[in-house]
Amino acid sequence: MTWRELLRRTGWVDGLAVVAVLLVTLLALAAPWLAPFDPQLRVAPAFLPPSASHWFGTDEIGRDMFSRVLLGVQGTWLPALAVIGVSMVVGSCIGLVSGYFGGWVDMVLQRATDLFLILPSVLVALAVTATLGPGLINTMLALMLFWWSWYARITRDEVRRLVARPHFEAARATGIHPARLILRHLLPGVMPALAVAATLDVVNVVLIMSLLSFLGLGQPAPAAELGAMTARSLDSLVAYWWLPVIPAAAIMLICLVANLAGDALRSSLRGS
Amino acid sequence: MARRGGRRDQRLTMAAAPVLAVRDLSVALSRNGRSSRVLEAVSFAVAPHEIVALVGASGSGKSTLGLAIQGLLPRDARPEISGSICVAEAELVGAAEPALRQIRRSLVRVVPQDPLSGLDPTMTIGRQMAGKAREREAIAWLRRTGIADPERVARSYPHRLSGGQRQRVLIAMAMLARPRLLIADEPTTALDVLTQAQVLETLRGLTRAEGSALLFITHDLAVATSLADRVVVLEAGQVVEIGPVGAMLAAPQAAATRRLLAARYDLGSDRNRPLPAEGASVAWPAARRDASKVLELVGVSKTLGRRQVVHQVDLSIEAGESVAVVGESGAGKSTLLRIAAGLTKPDAGTVTRLGETRPQIVFQDPVAALTPWLSVGEQVADRLRGLGLNTAERRRRLGEAFAMVGLPESLMAALPGELSVGQCQRAVLARAIVVPPRLLLCDEPASAIDMPLAAAMLNLIGALRRRLGMALLFVTHDIAAARLIGDRIAVMQDGAVIEAGEAEALIARPATAHTRALVAAIPRFETAR
Amino acid sequence: MLAYLLRRLIGLVAVLLAMAFLIFALQGIIPADPARAIAGVAAPVEVLEAVRDKLGLSDPVPVQYGRFLGRVVQGDLGTSIRTRQPVLADIQKYLPASLELGLAALLIGTALAGLFALVHRRFPGSAVVRLTLITAGSTPIFLTALLLVYFVWFRLGWLPGAGRLSHRGFSGPTGLNLIDGLLAVRPDIALDALQHLLLPALAVALPIAVAVGRSLGASLHEVMRRPYIRTMRGKGLSEGEALWRHGLRNAASAPLAMLGLQIGLMFGNLMVVERIFAWPGLGLYMVQSFASADLPAILGVSLAFGSIYIVANIGIEMAQSLADPRIGLSRSRAGAAD
């Protein structure tokens with residue numbers, strides 16, 4: 001299974017999901033320039049319903065909701081990618097070492113991974129963030145502290161699976177250089193599984209980060225964070241339903257796109 | 001073959017309505033949205049008490065036929081069926097699911113191909129055979145299939161049993177219903193030679209005793225001829241030959257049958273020339289030999305877990321010599337090969353190898369031995385790295401290797417998945433000989449593949465070792481293959497070499513009971529001569 | 001099997017110790033220097049040292065950890081800054097409400113998961129089913145809860161949208177109102193409790209149902225193609241029989257593991273849902289503790305939830321080994337089949 005094959009086999013609907021993920025990323029990167037109003041400033045009367053000039057209406061102090069949601073998407077999506085990226089690099093290195101060398105190295109690393117895997121990640125993230133103090137960096141740290149273990153496990157299991165396969169043994173038996181053996185005969189086999197896991201995992205990170213934000217453990221007040229925006233306007237649900245619902249729906253859309261892309265990757269892999 | 005003459009065949013087919021009558025059966029299955037014909041106008045019949053072998057290479061549609069006769073074609077392949085399948089005069093094609101279930105419950109039973117995955121791992125044997133109520137009956141059947149302690153087996157989970165035991169369980173499970181027709185789909189391919197012979201005998205004995213007809217699906221013509229009354233040869237979804245065994249062996253009608261026959265080898269095949277699988281052949285040239293030892297094992301032992309897998313083995317191979325190691329699975333022969341290759345370190349004893357080039361290994365399954373995401377050319381060229389060759393030289397040597405194994409250079413850029421099994425074989429050999437080693441190690445290279453491919457593989461290995469002056473260590477469970485390829489044969493049992501000597505002499509006069517059993521287990525052609 | 005259980009038990013203790021150590025380490029981080037906090041900013045070094053010794057802060061870390069464990073085992077989780085009550089007393093007070101909600105959610109979630117898996121099997125490859133499940137799996141818990149409140153309570157008025165009971169002052173021996181109502185033969189109370197329970201439990205159950213249902217569906221799909229299922233079909237079993245007798249047991253492992261994972265995520269969801277439905281449980285207590293940075297309460301509840309989670313997961317592992325007899329074997333032996 002190579003990337004070439006993967007792309008060839010992915011249908012256009014699934015391709016669309018992958019494109020949508022890229023689009024969300026672009027949107028998040030360009031959010032400050034795309035936002036029509038300053039998200040922190042009062043620009044109109046409070047509690048305006050959605051209209052042509054304010055697509056998502058205005059909030060309880062008259063800030064433009066569309067601009068705030070855009071910034072909120074940025075503040076959710078980019079940190080989630082960062083958490084996944086760092087966890088994947090750290091985890092896959094540990095997994096590669098563990099799986100390739102086997103023996104006692106594997107034993108020790110796997111017991112450590114097990115420990116991090118079995119601890120309830122959300123609870124620990126909550127406890128750690130609450131202790132370190134609310135904020136984006138602390139939230140990310142709290143997540144990364146545990147998140148690598150999942151990638152270490154996936155990488156390790158994939159490596160063990162590949163190392164046990166006849167083609168790896170055959171390649172090793174020919175006596176080629178270990179670096180080439182790992183880079184060409186092992187790593188490309190691990191990447192697809194990692195990619196699928198990471199794409200689906202973004203959803204978990206986004207959901208947990210927005211949960212922390214909802215519970216008041218995200219960035220402090222004026223910052224535009226989707227979870228916190230919903231939490232702050234809970235009491236407005238009956239009178240101004242869009243205030244709590246739109247930011248929450250934005251989270252759902254991001255997750256939906258990532259989920260679809262991950263599912264597409266996975267099913268095209270399974271087809272092989 | 002005289003004991004089952006044509007007269008009896010006629011009597012059977014005329015006396016009673018056939019147990020199975022397949023008429024004009026065509027089946028199309030769709031894969032990845034594309035529909036393709038798997039069976040084309042297949043017609044044949046099986047009379048009561050008859051044993052019919054359905055022979056064909058892989059991809060000939062024989063397993064699809066077996067599934068169709070149970071009404072179990074995979075639903076997600078959207079099967080399109082036309083024609084007729086009658087089991088004991090009940091029509092299967094177009095029958096409703098409850099009717100099909102009734103037929104499967106009482107009329108047609110199947111012994112599946114792979115005994116390891118054919119049993120539910122989460123349930124005891126007794127329970128899944130018959131449920132609680134009929135456990136005693138199940139135990140009685142287990143005993144009849146030759147299981148020594150059926151009570152214990154009935155209480156066990158499948159993972160506690162050996163492959164042979166599991167296959168017997170599956171036979172007992174099928175015979176429990178006293179079916180009119182038993183279908184056995186390559187029931188012995190996953191088993192050892194000795195177990196294979198015993199299981200075949202059990203199958204034959206039980207179906208004869210119970211009066212069930214047997215449809216035996218196999219790619220192995222020798223097994224088919226030793227077991228069956230009649231043979232149906234299938235190629236590319238069509239019946240190309242049908243008739244009594246004796247007649248087919250004496251005068252094969254179809255080209256496919258002749259190819260299958262030409263590729264078949266047994267203990268009587270001519271070992272001085274290539275097998276006639278690819279047309280007539282000239283005698284082998286003499287191998288270049290000298291007395292220097294390319295490999296010398298002295299007192300080698302290895303323990304894996306609690307089991308001593310290799311025990312005090314001495315073995316030496318001279319330059320250009322070919323040695324075949326024969327034994328059942330678990331005899332330690334693969335571990336011995338890994339020790340010879342330097343992949344496994346022995347616990348005791350010494351290993352001496354000659355030459356700087358590492359011995360190369362040809363593994364059992366040629367498709368699985370190639371990294372699926374790298375092109376074949378790149379994988380062969382891997383071994384040319386670090387030799388200080390420039391690009392032009394590398395390309396030339398790569399081309400030479402491809403030519404030597406008979407692969408077109410256009411396949412260099414292809415991925416292993418785009419190659420046929422035969423082409424993968426050749427690619428694996430190309431990788432092994434692109435920098436010719438002094439010693440080539442082969443681990444059952446001919447056992448996971450169809451007969452014609454196996455014959456081609458044996459021929460190619462024989463040719464390459466003589467041309468390149470390589471010594472050969474060839475590990476196999478098939479003493480007929482060992483005789484063809486080896487100058488000498490060493491027989492292993494429970495980790496030790498129990499007998500060794502010149503190939504012909506060893507087979508003609510085996511010194512141990514185990515070797516005699518291995519020799520006796522090779523199915524022979526029952527030709528009409 | 002016995003050795004296996006023993007090994008799992010040791011694993012359980014190890015994880016509990018790790019969880020406790022984490023909480024202990026977090027306690028150590030704040031406040032920056034407890035001795036300084038107690039002795040005052042201007043206190044001289046000698047006084048500071050004395051306070052340290054008195055608090056045991058100059059002991060080596062393992063000793064301090066041991067002392068912490070001793071306190072925890074005796075039920076001393078510190079005193080809440082906000083309620084000024086011992087954290088353990090607060091937990092005892094609020095746990096039953098969360099337990100009722102969590103158990104109801106698990107029950108509903110598992111039932112829905114089975115339903116989803118059946119739909120998945122009935123319509124394999126259906127884009128509508130797939131999209132629906134993926135959408136449900138992408139919905140943040142607070143959106144689910146908000147939509148339920150908005151439509152079912154506010155728009156339709158079918159079910160109450162806040163609190164546990166309309167009657168005040170009812171209490172029973174278990175603290176689970178639904179069960180207490182039944183025990184006290186007060187069907188009105190039980191019904192009222194059930195009505196209050198339904199919406200929040202549904203909100204918590206939905207992510208569980210989607211995740212476990214998808215896992216079960218995929219696992220069944222895989223298992224039902226295995227050769228042994230074909231053997232059973234060949235014996236004349238119907239699809240349904242093959243699925244119930246042979247498919248489900250073999251497919252159980254992955255969805256059970258997913259259920260375990262989801263229980264971990266459920267604690268976070270409980271906090272959100274209890275906050276939205278004003279459900280007076282530990283989750284709401286936790287949210288209020290966050291707002292007032294009440295660390296003893298936060299860490300105490302984390303330890304309680306964490307312990308429940310770990311025990312639940314041991315239960316799940318036992319269920320897995322009951323479903324598949326091979327799991328009880330050590331990996332090396334199971335893998336040694338030649």
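Reminder, nothing fancy here: chain letters follow the sequence lines and each chain counts from 1. Just so it is clear, the structure is predicted and the values come from calculations on it, not from any experiment.
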If I take atom [atom1] from residue [X] and atom [atom2] from residue [Y], how far apart are they, to the nearest 0.5 angstrom?
X        : Y        : atom1 : atom2 : result
B/Asp120 : C/Thr231 : CG    : OG1   : 9.5 Å
C/Lys235 : B/Met129 : NZ    : CE    : 8.5 Å
C/Arg226 : B/Leu119 : CZ    : CG    : 13.5 Å
C/Asp324 : B/His159 : CG    : NE2   : 8.5 Å

Between C/Ile229 and chain B, with a heavy-atom cut-off of 4.5 Å, which part of the residue counts as in contact: side chain, backbone, both or neither?
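Neither the backbone nor the side chain of C/Ile229 comes within 4.5 Å of chain B.
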Interchain contact, [X] with chain C, by part (heavy-atom threshold 4.5 Å):
X        : value
B/Gln113 : neither
B/Pro112 : side chain
B/Arg75  : side chain
B/Leu176 : neither

**Item:** Within 6.0 Å of CZ in C/Arg230, more than 12 heavy atoms from elsewhere
**Value:**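 Counting other residues, nucleotides and ligands, CZ of C/Arg230 stays at 12 neighbours or fewer.
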Output the option from [options] having the highest count of non-hydrogen pairs under 4.5 Å with chain C.
options                               : result
B/Val111, B/Thr122, B/Leu170, B/Leu72 : B/Thr122
B/Gly71, B/Gly118, B/Ala177           : B/Gly118
B/Glu97, B/Met173, B/Gln70, B/Gln102  : B/Met173

*If you take all heavy atoms of B/Arg101 and C/Gly236, which pair is closest and at what distance?*
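So the minimum-distance heavy-atom pair works out to CD-O, 3.3 Å.
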Who passes salt bridge (Lys or Arg N to Asp or Glu O under 4.0 Å) against C/Arg225, sequence neighbours left out?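 C/Arg225 satisfies salt bridge (Lys or Arg N to Asp or Glu O under 4.0 Å) with B/Asp76 once adjacent residues are dropped.
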B/Arg178: partners by salt bridge (Lys or Arg N to Asp or Glu O under 4.0 Å), with sequence neighbours left out:
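B/Arg178 satisfies salt bridge (Lys or Arg N to Asp or Glu O under 4.0 Å) with B/Glu210 only.
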Under 3.5 Å, side chain of B/Arg104 to main-chain N/O of C/Arg233, donor-acceptor pair present?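 Confirmed, B/Arg104 side chain pairs with C/Arg233 backbone.
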- Message: Just to be sure I understand the criterion: a residue of residues 244-251 of chain C counts if one of its heavy atoms is under 4.5 Å from a heavy atom of chain B. Which ones qualify?
- Response: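 Contacts with chain B: C/Arg245, C/His246, C/Arg249, C/Asn250.
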(request) Go through the structure and list residues passing side chain to side chain donor-acceptor pair (under 3.5 Å) with B/Thr344, not counting sequence neighbours. (result)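 By the side chain to side chain donor-acceptor pair (under 3.5 Å) rule, B/Thr344 matches B/Arg338.
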